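Presented below is the structure to which this report refers.
All chains are named by letter (A, B, ...) in the order of the sequence lines, taking the proteins before the strands, and each is independently numbered beginning at 1. Any value given below was found using the heavy atoms of this structure, including those in side chains, with hydrogens, waters and symmetry copies removed. Every value quoted in this text rests on a predicted model; they were computed, and no experiment measured them.
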Amino acid sequence: MAGPEVGGVSDADALAELAVRRGFYFGAAGAYGGVAGFYTFGPQGAALKRNVEEAWRETFTTRLGNEEIAGPTVMPEAVFEASGHLDGFDDMLVACAECGESHRADHLVEDETDVEDAESLPVPEVENLVADHGIACPDCGAALAGRSVEEFNLMFETTIGPGDGESGYLRPETAQAIFVEFPRLKEYARTQLPFGVTQIGPAYRNEISPRRGIVRTREFTQAELEQFVDPADDDPPLETVADVELCLYPGDEQEREGGAYLTRTVREAVEEGVVESAWVAYFLGVAREWYDRIGVDGDRLRFRQHLAGERAHYASDCWDAESEVGGGVDAATLAADPTAGRWIEIAGFSDRGAYDLSKHAEYGDEPFTIFRQYGEPREVERTTVDPDMSVLGPEYGSRATDVAEALRALAERDPSAFDDESVTVTVDGESVTVASDVANVSVETVTEAGEHVRPHVVEPSFGVDRTVYTLLAHGYREDEVDGEPRTSLALSPAVAPTAVGVFPLVSNDEALVDLAESVARSLRAAGLSVTYDESGNIGRRYRRQDEVGTPLCVTVDHEGREGDGPATVTVRDRDTTAQVRLPAAELADRLTAVVDGDRTFAALREAGAAVE
RNA sequence: GCGCCGUUGGUCCAGUGGUAGGACAUUAGCUUCCCAAGCUAAUAGCCCGGGUUCGAUUCCCGGACGGCGCACCA
């Protein structure tokens with residue numbers, strides 16, 4: 001990788017090497033030449049990813065009181081027609097031979113000719129149109145005739161059922177699987193807003209150019225929460241995160257020369273209007289705390305607002321969580337200009353408004369609304385029209401229903417029009433005048449119990465793979481112990497693939513081996529993920545665990561078996577290499593407390609006998 | 001998708017028109033009372049296809065994969 005190097009290798013390279021060597025992740029199907037954009041998570045990576053997902057679930061599903069579903073990854077074409085994702089499907093790109101710039105061929109044709117819907121034309125026809133009309137590159141003016149037009153699919157297409165079947169697509173985001181089920185999901189939420197539905201699972205995008213390991217892939221895992229809120233009523237429980245500090249990078253700061261970050265609490269961000277949507281600000285606060293818990297370095301985390309041109313078709317406002325993952329800029333440069341560095345998007349917080357549910361209401365068979373009952377039923381005056389069809393029918397024949405419809409529309413618009421003797425409406429561009437009493441207009445007082453509202457959606461959407469990458473990048477350490485270099489991963493116990501390594505101090509002593517094996521068994525029985533290792537020597541085993549981020553190692557030595565008292569063992573901390581001696585019988589409880597984050601190793605060390 | 005560069009055991013590298021060598025890692029045995037120690041041995045590799053050649057891991061062409069830049073990332 002280009003850029004300044006640290007210690008002979010840039011850290012992104014070192015990380016990529018560690019990921020492969022230690023089984024975090026590697027390119028899939030290597031035996032067949034590999035396939036770009038697809039990765040296999042090895043034993044360590046799969047465990048880490050699983051733990052990240054579990055931690056996310058704990059926060060965004062359980063703690064927030066939401067419900068999780070699991071939808072299909074393949075859905076019929078109509079879903080994506082409605083969602084707007086299909087609009088991008090037929091995009092056609094043509095690259096200029098002179099300047100190399102790519103342009104939307106269909107847009108050029110629409111601009112330069114009287115063809116209106118070039119997007120729906122077959123590729124060869126668009127190529128011909130480009131040639132026949134002498135369309136030139138908008139940037140450099142070179143002729144584009146003869147250049148091939150490439151179809152550009154970001155969604156993976158497939159066929160549902162045998163033969164030609166029905167066209168289906170692999171979902172490009174997990175969100176749609178939630179939106180399309182809204183009519184049922186609202187029932188499970190007892191038709192009460194606000195409510196949130198989460199989903200963790202794979203999404204697929206046929207990227208033109210996947211890059212940089214698991215940062216940009218064609219299959220990736222999303223963890224998404226769709227929060228359905230009443231646009232008029234609902235406020236987030238802001239007080240729970242009001243004092244959480246956020247590093248914010250709003251649009252105007254990005255566009256300003258020398259723009260900088262703003263540090264604001266969630267409450268300040270809302271009060272000052274830095275973040276417009278209180279719901280978005282609320283989720284930024286929840287996310288900030290979550291990132292802290294799983295081990296994202298707060299100094300290398302920021303929330304950046306999307307610029308207007310950057311926003312997705314569905315978003316009215318969007319903030320991304322971005323992490324700095326190194327590999328391009330050294331620490332000094334970063335200190336001088338925090339906005340330098342290699343930032344990757346790890347989550348997006350969108351205000352999707354009513355976009356998705358409106359679209360599905362339009363294309364689907366359900367209204368995608370929720371009925372909000374009033375506290376008190378309301379008496380409402382409503383103008384009703386019940387045209388006398390026995391008069392309109394003979395008079396207007398097949399146009400009678402259109403006339404009736406026009407009368408209803410007019411009544412809704414302007415009830416007073418029926419005050420006169422006769423009333424005139426326009427049907428198919430023709431004026432029709434009928435006697436007012438034929439329309440049978442009456443004003444009734446009706447009782448309304450509530451109204452149908454279309455919820456708005458606020459969506460925190462997390463990229464799990466990139467979060468995993470961030471944890472590796474932020475946890476990566478190269479240091480020295482007793483003059484020997486050491487590589488370690490400072491992963492939070494909350495997500496570390498292995499919680500505890502258990503070793504006998506030496507392997508040629510049966511008593512130590514037996515005790516170590518029984519310690520490993522008891523810790524596993526207590527629900528901890530444990531690695532047992534007796535190969536090589538103790539130092540090598542510590543190093544192995546350091547490299548995969550195991551926070552604690554238990555070593556069984558002779559000293560712990562001497563005397564009349566119960567057996568004791570030593571516990572070593574990954575980050576400090578400090579040790580403490582504890583009774584073997586208490587291990588499971590003590591270590592579980594550390595792994596669960598209820599206790600620190602330092603506290604454990606104060607309570608026990610420190611080992612020098 | 002375009003351009004530049006690259007691809008040798010699991011990892012990192014050396015090397016060659018006559019099919020390869022190291023380091024680390026791994027495994028087995030010995031040793032070892034706290035941080036990658038030592039000894040012995042073992043396992044394991046030239047990305048794929050085509051061409052040139054008596055012979056290609058090496059040279060040429062194409063592809064795949066990877067890195068970077070451009071474009072793309074709803």
Side-chain angles (χ1 to χ4, degrees), chain A residues 1-3 8-10 12-14 16-23 26-38 42 80 83-89 91 93-97 99-104 147-155 172-173 205-213 215-218 220 306 309-315 318 327-328 344-345 348 350 480-488 503-509 512 535-547 553 555-562 569-570 572 574 577-579 581 611-612:
Chain A
M1 181 171 293
V9 218
S10 72
D13 284 343
E17 193 262 328
L18 178 66
V20 172
R21 188 162 47 81
R22 286 300 185 191
F26 49 90
Y32 291 89
V35 52
F38 293 91
F80 299 111
S83 72
H85 288 96
L86 207 57
D87 283 348
F89 173 69
D91 282 3
L93 294 182
V94 59
C96 173
C99 65
E101 200 68 23
S102 284
H103 302 283
R104 288 277 296 266
R147 299 292 295 165
S148 66
V149 169
E150 303 290 340
E151 209 164 8
F152 171 65
N153 293 355
L154 211 51
M155 281 200 289
E173 59 172 5
R205 293 182 193 177
N206 203 356
E207 299 283 355
I208 297 173
S209 174
R211 286 284 166 85
R212 291 170 53 205
V215 170
R216 185 126 161 254
T217 56
R218 290 185 164 130
F220 53 101
H306 273 199
E310 213 178 339
R311 282 199 290 268
H313 61 266
Y314 51 71
C318 183
I344 59 170
E345 174 192 346
S350 298
E480 251 184 36
V481 171
D482 297 341
E484 296 288 341
R486 183 177 81 122
T487 302
S488 65
F503 328 124
L505 184 58
V506 292
S507 55
N508 62 353
D509 182 320
L512 290 190
S535 81
N537 61 59
I538 190 70
R540 180 182 298 240
R541 295 177 223 144
Y542 284 146
R543 292 291 199 272
R544 262 192 205 121
Q545 295 309 313
D546 287 342
E547 277 199 331
C553 287
T555 298
V556 175
D557 60 359
H558 273 122
E559 197 183 327
R561 301 188 63 259
E562 283 162 0
V569 298
T570 63
R572 168 202 184 255
R574 174 196 61 210
T577 75
Q579 287 179 277
R581 181 169 293 281
V611 178
E612 297 312 323

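A donor-acceptor pair under 3.5 Å is absent between the side-chain atoms of A:Arg205 and the main chain of A:Leu154, judged by distance alone.
In this model, no side-chain donor or acceptor of A:Glu345 finds a partner on the base of B:C73 within 3.5 Å. Scanning atom types as modelled, one donor and one acceptor separated by under 3.5 angstrom connect the side chain of A:Thr570 and the base of B:C34. Counting atom types as modelled, A:Arg212 pairs no side-chain N or O with a base atom of B:G66 as donor and acceptor under 3.5 Å. Residue-to-nucleotide contacts include no donor-acceptor pair under 3.5 Å from the side chain of A:Arg205 to the base of B:C72.
Counting non-hydrogen atoms under 4.0 angstrom, A:Gly213 reaches the backbone sugars and phosphates but no base.
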**OP:** Would you check, one step at a time, whether the test side-chain hydrogen bond (donor to acceptor under 3.5 Å, both in side chains) holds for A:Thr570 with A:Arg572?
**Re:** CA-CA 7 Å; A:Thr570 63; A:Arg572 168 202 184 255; over 6 Å; no
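Note: CD (A:Glu17) to P (B:C13) measures 9 Å, nearest angstrom. Note: CZ (A:Phe220) to P (B:C73) measures 14 Å, nearest angstrom. The distance from atom CD1 of A:Ile208 to atom P of B:G1 is 9 Å, rounded to the nearest whole Å. One interatomic measurement links the two molecules: CG of A:Asp13 to P of B:C12, which rounds to 9 Å at whole-angstrom precision. Between the P atom of B:G66 and the CZ atom of A:Arg211 lies a distance of 9 Å, rounded to the nearest Å. What separates CZ of A:Arg218 from C1' of B:G66 is a distance of 13 Å, to the nearest Å. The CG-C1' distance, from A:Leu18 to B:C12, rounds to 13 Å in whole Å. One can place CD of A:Glu173 at 13 Å from C1' of B:C73, the figure rounded to the nearest angstrom.
If A:Asp546 and A:Tyr32 are placed on RNA chain B by their nearest nucleotide, the residue sitting closer to the 5' end is A:Asp546. Each of A:Ala36 and A:Gly536 lies near RNA chain B, and the nucleotide nearest A:Gly536 is the one positioned closer to the 5' end.
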**OP:** Would you give a per-nucleotide map of nucleotides 36-44 of chain B, 5' to 3', where B means the base has a protein non-hydrogen atom under 4.0 Å away, S means only the sugar-phosphate does, and - means neither?
**Re:** BB-------
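In this structure, a donor-acceptor pair under 3.5 Å is present between the side chains of A:Arg544 and A:Ser535.
Looking at the side chain of A:Arg216, the nearest of the listed nucleotides B:C73, B:U32, B:C70 is B:C73. The side chain of A:Ser535 approaches B:U27 more closely than any other nucleotide in the set B:C68, B:U27, B:C34. Taking only side-chain atoms of A:Tyr542, from C-beta outward, the nucleotide of B:A71, B:U32, B:C35 with the closest atom is B:C35. Picking from B:C73, B:U32, B:C34 the nucleotide with the shortest atom distance to the side chain of A:Val506 gives B:U32. Comparing B:C65, B:U11, B:U32 by their nearest atom to the side chain of A:Asn508 picks out B:U32.
Atoms CZ and CD, from A:Arg574 and A:Glu547 in turn, are 12.5 Å apart once rounded to the nearest 0.5 Å.
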Original post:
Would you write out the dot-bracket form of RNA chain B, 5' to 3', with Watson-Crick and G-U pairs under 3.5 Å, [ ] for crossing pairs, | for pairs to other strands and . for unpaired bases?
Top reply: (((((((..((((....[..)))).(((((.......)))))....(((((..]....))))))))))))....
